[in-house]
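Only a predicted model underlies this, so the values are computations on that prediction, with no experimental measurement involved.
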Amino acid sequence: MRRTSLYEAHRAAGGRMVPFAGWEMPVQYAGLVEEHLAVRTRAGLFDVSHMGEILVEGPHALAAVQRLITNDARPLAVGQGLYSPMCSPAGGVIDDLTLFRTAEQEYLLIVNAGTRAKDLAWIQEHAAPAMVRDISDGVALLALQGPRAEAVLAAVSGASLAGLRPFGRLDGLAAQGVPVAVTRTGYTGEDGFEIASAWDHAPRVWEALVEAGRPHGLIPVGLGARDTLRLEAGMMLYGQDIDETTSPLEAPLAWTVKFDKEEFIGRPALEHQRTGGVARRLVGFEAYGRAIPRHGCEIRAGGDRAGGVTSGTFSPSLRRPIGMGYVPREAAARGTGLEITVRGSPVPARVVRLPFYRRTQEPRRD
């Protein structure tokens, strides 16, 4: 089991460590609900150093990433990024990733921890003649999320971050004297930042953020609250909501598939789905009662088995059970009544619009 460079900091903060994707990671510190609400109302700090970082470089780098992803990297200037699925020829999602143009001929792909080895092999196979480098072992990554995140990071870095737009990246900043790169991204539905540093320097950055965040109510947050936050925000969890058996058009990710760009892996299969329509869709649902739908619970529509829950939880923000799952296209319309089988008992539910939660105030941009 691998450990990040913040393992001792997690233990000192009272983190309960659990195995996750081959890593020993904190699942919670103060408690899932407290951590969740801290991110919604103040600020939370996550260790996401288990994520993978892969560079695609050289004069053929743009062509390579265009072939690998369904989104369009052509409009990206240096310092800009995007979110995209990376698909198989059958249109299944090999992984979902964030991509940044970090130099004129250099792109950084940030991939899921559990798929890092698979992704690296796939990228190496299909990126030639561009150069591919896995730099994951040298990079630590923190996520600072919440309405007070900008104030906390500004206090540590001394930089004005108001002009940094979503999916923008700033290199050359420093936190506690440690060089860092900052992106305005996250996985919680809140404004926030992801902060990359050299692997061994992460504890100093973590300590500085915790100290600067104390007056703002910042607390460390574990994997448990990370999952409830991203589910409320309608964000996909790879391996549950999307995988190689599902396509971006079945999931609510059609906006990431750019058919007006050049050829990319999976395009013919996705064009076929677009023309003929998909047979199923991933929907969000609210359930009624106290029972909580979990991954794997059966979904029934009109008395028939319709699919399975991919993600489910009790929403700390909305105070009711919510979830996502695939259902036949005919049952995907908003307001459709469903039944979720929880511990052998039917629980009524209805299809609702995603995301479940949307922050009401956009980050300041002046």
A.B. asks: Can you run down the ring pair (Phe, Tyr, Trp, His ring centres under 6.0 Å) pairs that involve residues 101-142, sequence neighbours left out, and say none if there aren't any?
C.D. replies: W122-H126
A.B. asks: For residues 199-233, which residue pairs qualify under ring pair (Phe, Tyr, Trp, His ring centres under 6.0 Å), counting only residues two or more places apart or in two chains?
C.D. replies: H10-W206
A.B. asks: Would you say the side chain of D227 lies within less than 4.5 Å of the side chain of L223, judging by non-hydrogen atoms?
C.D. replies: no
A.B. asks: Hey, are S88 and E244 close enough side-chain-wise for a donor-acceptor pair under 3.5 Å?
C.D. replies: no
A.B. asks: Between M236 and L282, does a side chain to side chain contact (heavy atoms under 4.5 Å, CB included) hold up when you go through it step by step?
C.D. replies: CA-CA 10 Å; M236 304 295 105; L282 182 75; 3.4 Å; yes
A.B. asks: Answer with yes or no whether the hydrophobic clustering places V278 together with V93; edges join I, L, V, M, F, W, Y residues whose side-chain heavy atoms lie under 4.5 Å apart.
C.D. replies: no
A.B. asks: So, are R116 and D137 salt-bridged, with charged N and O less than 4.0 Å apart?
C.D. replies: yes
A.B. asks: So if you build clusters from Ile, Leu, Val, Met, Phe, Trp, Tyr with side-chain heavy-atom gaps below 4.5 Å, do V327 and V309 land together?
C.D. replies: yes
A.B. asks: Does the side chain to side chain contact (heavy atoms under 4.5 Å, CB included) test come out yes or no for F285 and I322, once each step is laid out?
C.D. replies: CA-CA 6 Å; F285 64 81; I322 60 172; over 6 Å; no
A.B. asks: With side chains defined as the heavy atoms from C-beta onward, is the minimum distance between P268 and E263 less than 4.5 Å?
C.D. replies: yes
A.B. asks: Output yes when E190 and R40 qualify as a salt bridge under the 4.0 Å nitrogen-oxygen rule, no when they do not.
C.D. replies: yes
A.B. asks: Would you call R230 and D241 a salt bridge, using N to O less than 4.0 angstrom?
C.D. replies: yes
A.B. asks: Table please: side-chain donor-acceptor pairs of residues 14-23 below 3.5 Å, with sequence neighbours left out.
C.D. replies:
none

A.B. asks: Where do A208 and V156 come nearest, in terms of heavy atoms and distance?
C.D. replies: O-CG2, 3.6 Å
A.B. asks: Less than 4.0 Å between a side-chain N and a carboxylate O, is that true for R267 and E262?
C.D. replies: no
A.B. asks: What verdict does the side chain to side chain donor-acceptor pair (under 3.5 Å) test give for Q105 and H60, after you've listed the backbone C-alpha separation in whole Å, the side-chain angles of each residue and the deciding distance to 0.1 Å?
C.D. replies: CA-CA 8 Å; Q105 297 182 352; H60 303 284; over 6 Å; no
A.B. asks: Is the shortest side-chain heavy-atom distance between I69 and K261 below 4.5 Å?
C.D. replies: yes
A.B. asks: Does one hydrophobic cluster hold both I340 and M324, with members joined at side-chain heavy-atom distances below 4.5 Å?
C.D. replies: no
A.B. asks: Distance check, rounded to the nearest 0.5 Å: D243 atom CG versus T115 atom OG1?
C.D. replies: 11.5 Å
A.B. asks: Could you see if V48 belongs to whatever hydrophobic cluster contains L144? Use Ile, Leu, Val, Met, Phe, Trp, Tyr and a side-chain cutoff under 4.5 Å.
C.D. replies: no
A.B. asks: If you define the side chain from C-beta out and look only at heavy atoms, does anything of K258 sit under 4.5 Å from T70?
C.D. replies: no
A.B. asks: Please give me the minimum heavy-atom distance between R101 and L76, naming the atom from each residue.
C.D. replies: NH1-O, 2.8 Å
A.B. asks: Report all side-chain donor-acceptor pairs from residues 301-308 shorter than 3.5 Å, counting only partners two or more places apart or in another chain.
C.D. replies:
unit_1, atom_1, unit_2, atom_2, d
R305, NE, E298, OE2, 3.1

A.B. asks: Ignoring hydrogens and geometry beyond distance, is a side-chain donor-acceptor pair present between T4 and D47 at under 3.5 Å?
C.D. replies: yes
A.B. asks: Does some side-chain heavy atom of T341 sit less than 4.5 Å from a side-chain heavy atom of R300?
C.D. replies: yes
A.B. asks: Go through it in stages, so that I can follow the logic: the residues are E53 and L108, the test is side chain to side chain contact (heavy atoms under 4.5 Å, CB included), and I'd like the CA-CA distance, side-chain angles, deciding distance and then a yes or no.
C.D. replies: CA-CA 7 Å; E53 290 87 12; L108 173 65; 3.9 Å; yes
A.B. asks: Just grab all the ring pair (Phe, Tyr, Trp, His ring centres under 6.0 Å) pairs involving residues 156-176, residues at least two apart or on different chains.
C.D. replies: none
A.B. asks: Are S317 and S315 close enough that a side-chain donor and a side-chain acceptor fall under 3.5 Å?
C.D. replies: no
A.B. asks: Under a 4.0 Å threshold between the charged nitrogen and the carboxylate oxygen, would E150 count as salt-bridged to R184?
C.D. replies: yes
A.B. asks: Quick one: CZ on F356 to OG1 on T228, what's the gap to the nearest 0.5 Å?
C.D. replies: 12.5 Å
A.B. asks: Do you know which two heavy atoms are closest between A73 and V65, and how far apart they sit?
C.D. replies: CB-CG2, 4.1 Å
A.B. asks: Strictly below 4.0 Å, N to O, side chains only: are D72 and R74 in salt-bridge contact?
C.D. replies: yes
A.B. asks: With distance as the sole test, does Q66 use its side chain to make a donor-acceptor pair with the main-chain N or O of L62 at under 3.5 Å?
C.D. replies: no
A.B. asks: Do V132 and L109 share a hydrophobic cluster (ILVMFWY, side-chain heavy atoms under 4.5 Å, transitive)?
C.D. replies: yes
A.B. asks: Which distance, rounded to the nearest 0.5 Å, do you find between the NE2 of H36 and the CZ of F314?
C.D. replies: 10.5 Å
A.B. asks: Is any side-chain heavy atom of L141 closer than 4.5 Å to a side-chain heavy atom of F46?
C.D. replies: no
A.B. asks: Using every non-hydrogen atom in the two residues, find where V139 and A196 come nearest and quote the distance to one decimal.
C.D. replies: CG1-CB, 4.1 Å
A.B. asks: Kindly give the heavy-atom pair with the smallest separation between V56 and A130, and that separation in Å.
C.D. replies: CG1-CB, 3.8 Å
A.B. asks: Stepwise, does the side chain to side chain contact (heavy atoms under 4.5 Å, CB included) test hold for R281 with Y326?
C.D. replies: CA-CA 5 Å; R281 293 190 186 280; Y326 287 92; 5.8 Å; no
A.B. asks: Please round to the nearest 0.5 Å and tell me the distance separating atom CE of M51 and atom OH of Y187.
C.D. replies: 8.0 Å
A.B. asks: Provide the closest heavy-atom pair for M86 versus L68 in the form atom of the first, atom of the second, distance.
C.D. replies: CG-O, 3.2 Å
A.B. asks: Tell me, do L45 and V221 make a side-chain contact under 4.5 Å, heavy atoms counted?
C.D. replies: no
A.B. asks: Output the distance between atom CG (L231) and atom CG (L237), rounded to the nearest 0.5 Å.
C.D. replies: 9.0 Å
A.B. asks: Which atom pairs, one a donor and one an acceptor, fall under 3.5 Å between side chains of residues 288-297 and the rest of the protein, sequence neighbours left out?
C.D. replies:
unit_1, atom_1, unit_2, atom_2, d
Y288, OH, R350, NE, 2.7
R294, NH1, G312, O, 3.4
H295, ND1, T310, O, 2.8

A.B. asks: Ignoring hydrogens and angles, tell me if any N or O in the side chain of S157 forms a donor-acceptor pair with the backbone of L153 under 3.5 Å.
C.D. replies: yes
A.B. asks: Strictly by modelled atom types, are Y83 and N71 linked by a side-chain donor-acceptor pair under 3.5 Å?
C.D. replies: no
A.B. asks: Supply the atom-to-atom distance R133 CZ to I123 CD1, rounded to the nearest 0.5 angstrom.
C.D. replies: 13.5 Å
A.B. asks: Check whether any side-chain heavy atom of V182 lies under 4.5 Å from a side-chain heavy atom of R169, and answer yes or no.
C.D. replies: no
A.B. asks: Salt bridge or not for R280 and E250, using N-O below 4.0 Å?
C.D. replies: yes
